Trainee: 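Mind having a look at this structure? Questions to follow.
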Amino acid sequence: MEYCVFTEPQQGASYDDQLAFAQTAERLGFDGFFRSDHYLHMGDGEGLPGPTDAWTTLAGLARETSRIRLGTLVSSVTYRVPGVLAIQVAQVDAMSGGRVELGLGTGWFAREHEAYGIPFPAKRFDLLEEQLELLTGLWSTPAGETYSFEGAHYRLTDAPALPKPVQRRIPLIVGGGGPRRTPDLAARYATEFNIGFRSEEESAQKFAGVRQACERAGRDPASLKLSVALPTVAGASAADLDRRATRIDRTVDELRGDVNIVGDRDEIVAKVERLAALGAQRVYFQLLDLQDVSHVEYLGEVLPHLPR
């Protein structure tokens, strides 16, 4: 089992806030620090000081951490053309000494595209499929050779396919609740399949679906890592839980149930043990208040008690 801190900086976080979270997570033994890739605050509030670009942030963190994995959950195919994204990710991988992972998805938040003038086509799944093929093609092209591609949306002609990542294969995360196309894409291109914000029963169903997709593709299902990303409110006391829930405009009662990770050490351990029994191999603890580093520190106290 692996355990990662997962943040949503568009809700209101500076680079320094993210740095504090990443360095604390690294010090306490977490396996990864991941962030969303969004440019607009969601819900009430202003999201001050404003958005930070995901890959610019990860480049900075690459130089200010030494061990922890770094990545997006997930970048949208609408933000960056795939040739440029391949260069960005490979460069940050080099800057980190080979610690980068890329989560890639279709994108969904139309309003942020309107706000910043980013095209948002109605149909985006074909973009995701072509980008996954392009990225893997560029990174796997031997040095000294070129890569060309012609699809419905992108065309590359004799790309030098440089720079190369430090890792032999950049981990690619594909996720979502689609019944067929998403699992099939994960089986073809991904190293990890992620399901977020779903009940334990739904997560088990999605895991079964992607295993079947691997079998259809002739891939060993055991070669695909399975993960969950879940909103988390943790604390040693009821007062701690109430305070943290209030900070994200929720109540503890609203957060409890079959989806989120809520409670003290024993409750978190029990939840993670159930997730592991369903097949999860990595858990992303989604923390929404990036001014509360003590939240990471409490989870760090829980970490040694979680299954490995």
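If you're wondering where the values come from, they're calculated on a predicted model, not measured in any experiment.
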Trainee: For T106, check side-chain contact (heavy atoms from CB on, under 4.5 Å) against everything at least two apart and list the hits.
Mentor: R124, F125, L128

Trainee: Between V166 and I170, is there a shared hydrophobic cluster once you connect ILVMFWY residues whose side-chain heavy atoms come closer than 4.5 Å?
Mentor: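 No, because V166 and I170 fall into different hydrophobic clusters, even though each may have its own neighbours under 4.5 Å.
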
Trainee: Mark yes or no for whether K271, through its side chain, and V259, through its backbone, hold a donor-acceptor pair below 3.5 Å.
Mentor: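 Between the backbone of V259 and the side chain of K271 there is a qualifying donor-acceptor contact (under 3.5 Å).
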
Trainee: Do D292 and S294 pair up side chain to side chain, a donor and an acceptor below 3.5 Å, judged on atom types alone?
Mentor: yes

Trainee: Once you round to the nearest 0.5 Å, how far does OH of Y298 lie from CG of D240?
Mentor: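 Spacing of OH (Y298) from CG (D240) equals 8.0 Å.
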
Trainee: Assigning hydrophobic clusters by single linkage (Ile, Leu, Val, Met, Phe, Trp, Tyr; side-chain heavy-atom cutoff under 4.5 Å), is V74 placed with I118?
Mentor: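 Unlinked, V74 and I118 end up in two clusters.
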
Trainee: So how far is it from L299 CG to R265 CZ, rounded to the nearest 0.5 Å?
Mentor: 13.0 Å

Trainee: Let me check something: any side-chain donor-acceptor pairs from residues 146-156 under 3.5 Å, sequence neighbours excluded? List them with distances.
Mentor:
unit_1 : atom_1 : unit_2 : atom_2 : d
S148   : OG     : D158   : N      : 2.8
S148   : OG     : D158   : OD1    : 3.4
Y154   : OH     : Q131   : NE2    : 2.9

Trainee: Report yes or no: do E8 and S36 form a side-chain donor-acceptor pair below 3.5 Å?
Mentor: yes

Trainee: Apart from V252 itself, which Ile, Leu, Val, Met, Phe, Trp or Tyr residues share its cluster (side-chain heavy atoms under 4.5 Å, direct or through members)?
Mentor: V233, L241, I248, L255, V262, L288

Trainee: Is it true that N194 and S227 share a donor-acceptor pair across their side chains at a distance under 3.5 Å?
Mentor: yes

Trainee: Within the structure provided, determine whether L306 and M1 are in side-chain contact (heavy-atom separation under 4.5 Å).
Mentor: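 A side-chain contact under 4.5 Å is absent here.
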
Trainee: Would you check if T7 and F21 make a side-chain contact, meaning some heavy-atom pair closer than 4.5 Å?
Mentor: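 They are in contact (side-chain heavy atoms under 4.5 Å apart), so the answer is yes.
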
Trainee: Sequence neighbours left out, what pairs pass ring pair (Phe, Tyr, Trp, His ring centres under 6.0 Å) with at least one residue falling in residues 204-258?
Mentor: none

Trainee: When rounded to the nearest 0.5 angstrom, what is the spacing between OG1 in T191 and CD in Q167?
Mentor: 9.0 Å

Trainee: Can you get from I87 to L135 by hopping between Ile, Leu, Val, Met, Phe, Trp and Tyr side chains that sit under 4.5 Å apart?
Mentor: no

Trainee: Between CZ of F30 and CD1 of I68, what distance do you get to the nearest 0.5 Å?
Mentor: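 Interatomic distance, F30 CZ to I68 CD1, rounded to 0.5 Å: 8.0 Å.
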
Trainee: Side chain of W139, backbone of A86: donor and acceptor closer than 3.5 Å?
Mentor: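 Yes, W139 side chain to A86 backbone: donor-acceptor pair under 3.5 Å.
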
Trainee: Could you list the residues that satisfy ring-ring contact (aromatic ring centres under 6.0 Å, His included) with H38, not counting sequence neighbours?
Mentor: W108

Trainee: Can you find a side-chain donor-acceptor pair between S203 and E200 that sits under 3.5 Å?
Mentor: no

Trainee: For F285, which residues count as a ring-ring contact (aromatic ring centres under 6.0 Å, His included) partner, sequence neighbours excluded?
Mentor: none

Trainee: Taking E297 for the side chain and L28 for the main chain, is one N or O donor matched with an acceptor at less than 3.5 Å?
Mentor: no

Trainee: One pair to check against side chain to side chain contact (heavy atoms under 4.5 Å, CB included): V269 and R274. What are the steps and the verdict?
Mentor: CA-CA 9 Å; V269 170; R274 293 196 300 272; over 6 Å; no

Trainee: State which residues pass side-chain contact (heavy atoms from CB on, under 4.5 Å) with T251; sequence neighbours excluded, sorted by chain then number.
Mentor: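 If we apply the side-chain contact (heavy atoms from CB on, under 4.5 Å) test to T251, skipping adjacent residues, the hits are D253, E254.
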
Trainee: For the side chain of E26 and the backbone of R67, is there at least one donor-acceptor N/O pair under 3.5 Å apart?
Mentor: yes

Trainee: So, are R308 and D31 salt-bridged, with charged N and O less than 4.0 Å apart?
Mentor: yes

Trainee: What are the two closest non-hydrogen atoms of P163 and A90, and how far apart are they?
Mentor: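 Residues P163 and A90, closest heavy atoms: O-CB, 3.5 Å.
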
Trainee: Give a yes or no on whether R169 atom CZ has more than 12 heavy-atom contacts from other residues, nucleotides or ligands under 6.0 Å away.
Mentor: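 It does: R169 CZ has more than 12 such atoms within range.
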
Trainee: Are any of the side-chain nitrogens in R180 or D184 under 4.0 Å away from the carboxylate oxygens of its partner?
Mentor: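 Salt bridge flag = yes for D184 with R180.
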
Trainee: Please confirm whether the backbone N or O of D220 pairs with a side-chain atom of S223, one donor and one acceptor, at under 3.5 Å?
Mentor: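 Yes; judged by distance alone, with no hydrogens or angles, the pair exists.
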
Trainee: Any donor-acceptor pair under 3.5 Å linking the side chain of T72 with the backbone of L102?
Mentor: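 Looks like no, no N/O pair under 3.5 Å.
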
Trainee: Could you walk me through whether V5 and L287 pass the side chain to side chain contact (heavy atoms under 4.5 Å, CB included) check?
Mentor: CA-CA 7 Å; V5 170; L287 306 181; 4.1 Å; yes

Trainee: Which value, rounded to the nearest 0.5 Å, describes the distance between T78 atom OG1 and F109 atom CZ?
Mentor: 12.0 Å

Trainee: Any side-chain to backbone donor/acceptor pair from H295 onto A234? Under 3.5 Å, distance only.
Mentor: yes

Trainee: I'd like to know if the side chain of E129 and the backbone of L185 have a donor-acceptor N/O pair within less than 3.5 Å.
Mentor: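 A pair under 3.5 Å: no.
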
Trainee: Quick check against the 3.5 Å criterion: does E101 have a side-chain atom that pairs as donor or acceptor with the backbone of G71?
Mentor: no

Trainee: Does anything in residues 210-231 pair up under ring pair (Phe, Tyr, Trp, His ring centres under 6.0 Å), and if so which pairs, sequence neighbours excluded?
Mentor: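 Non-adjacent pairs meeting ring pair (Phe, Tyr, Trp, His ring centres under 6.0 Å): zero.
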
Trainee: Measure the CZ-CZ distance between R244 and R247 for me, rounded to the nearest 0.5 Å.
Mentor: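 So the CZ of R244 and the CZ of R247 are separated by 10.5 Å.
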
Trainee: Under 4.0 Å between a side-chain nitrogen and a carboxylate oxygen: does that hold for D93 and R99?
Mentor: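 The answer is no: the pair does not qualify as a salt bridge.
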
Trainee: So E112 and Q10, do their side chains get closer than 4.5 Å, heavy atoms only?
Mentor: no

Trainee: Look at the side chain of E130 and the backbone N and O of L127, then say whether any donor-acceptor pair between them is shorter than 3.5 Å.
Mentor: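 No, the answer is negative, given that no donor and acceptor are paired below the 3.5 Å cut-off.
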
Trainee: Work out which heavy atom in P183 is nearest to a heavy atom in A213; give both atom names and the distance.
Mentor: O-CB, 3.5 Å

Trainee: Run F193 and T182 through side chain to side chain contact (heavy atoms under 4.5 Å, CB included) and show every step you take.
Mentor: CA-CA 9 Å; F193 174 77; T182 300; 4.2 Å; yes

Trainee: Less than 4.5 Å apart, side chain to side chain, heavy atoms only: is that true for Q23 and F33?
Mentor: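 A side-chain contact is absent here, since even the closest heavy-atom pair is not under 4.5 Å.
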
Trainee: Which residues pass the side chain to side chain donor-acceptor pair (under 3.5 Å) test with K225, not counting sequence neighbours?
Mentor: E2

Trainee: Identify, with sequence neighbours excluded, every residue that meets ring-ring contact (aromatic ring centres under 6.0 Å, His included) alongside Y284.
Mentor: F34

Trainee: Same hydrophobic cluster for V272 and V296, using side-chain heavy-atom links shorter than 4.5 Å among ILVMFWY?
Mentor: yes

Trainee: Side-chain contact test, heavy atoms from C-beta onward, threshold under 4.5 Å: evaluate it for V92 versus L70 and give yes or no.
Mentor: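 Heavy-atom side-chain distance check fails, nothing below 4.5 Å.
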
Trainee: With a 3.5 Å cut-off and sequence neighbours excluded, list the donor-acceptor pairs that the side chains of residues 50-61 form with protein atoms.
Mentor:
unit_1 : atom_1 : unit_2 : atom_2 : d
T52    : OG1    : Q18    : NE2    : 3.0
T52    : OG1    : R35    : NH1    : 2.8
D53    : OD1    : Y39    : OH     : 2.5
D53    : OD1    : R80    : NH2    : 3.2
D53    : OD2    : W55    : N      : 3.2
D53    : OD2    : T56    : N      : 2.9
D53    : OD2    : T56    : OG1    : 3.0
W55    : NE1    : S75    : OG     : 3.1
T57    : OG1    : R35    : NH1    : 3.3
T57    : OG1    : D53    : O      : 2.8

Trainee: Report whether L230 and I173 are members of the same hydrophobic cluster (ILVMFWY, side-chain heavy atoms less than 4.5 Å apart, transitive linking).
Mentor: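 No; tracing contacts between hydrophobic side chains, which count when under 4.5 Å, never links both residues.
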
Trainee: Among all residues two or more places apart in sequence or in another chain, which pass the side-chain contact (heavy atoms from CB on, under 4.5 Å) test with P221?
Mentor: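 Once residues adjacent in sequence are excluded, the partners of P221 under the side-chain contact (heavy atoms from CB on, under 4.5 Å) criterion are R211, C214, E215.
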
Trainee: Can you find a heavy atom in the side chain of P171 that is under 4.5 Å from one in the side chain of R69?
Mentor: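 Yes, close enough: below the 4.5 Å cut-off.
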
Trainee: Just so I know, are the side chains of C4 and R282 near enough to count as touching, which here means a heavy-atom distance under 4.5 Å?
Mentor: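 When only atoms from C-beta onward are counted, R282 and C4 do touch, with a gap below 4.5 Å.
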
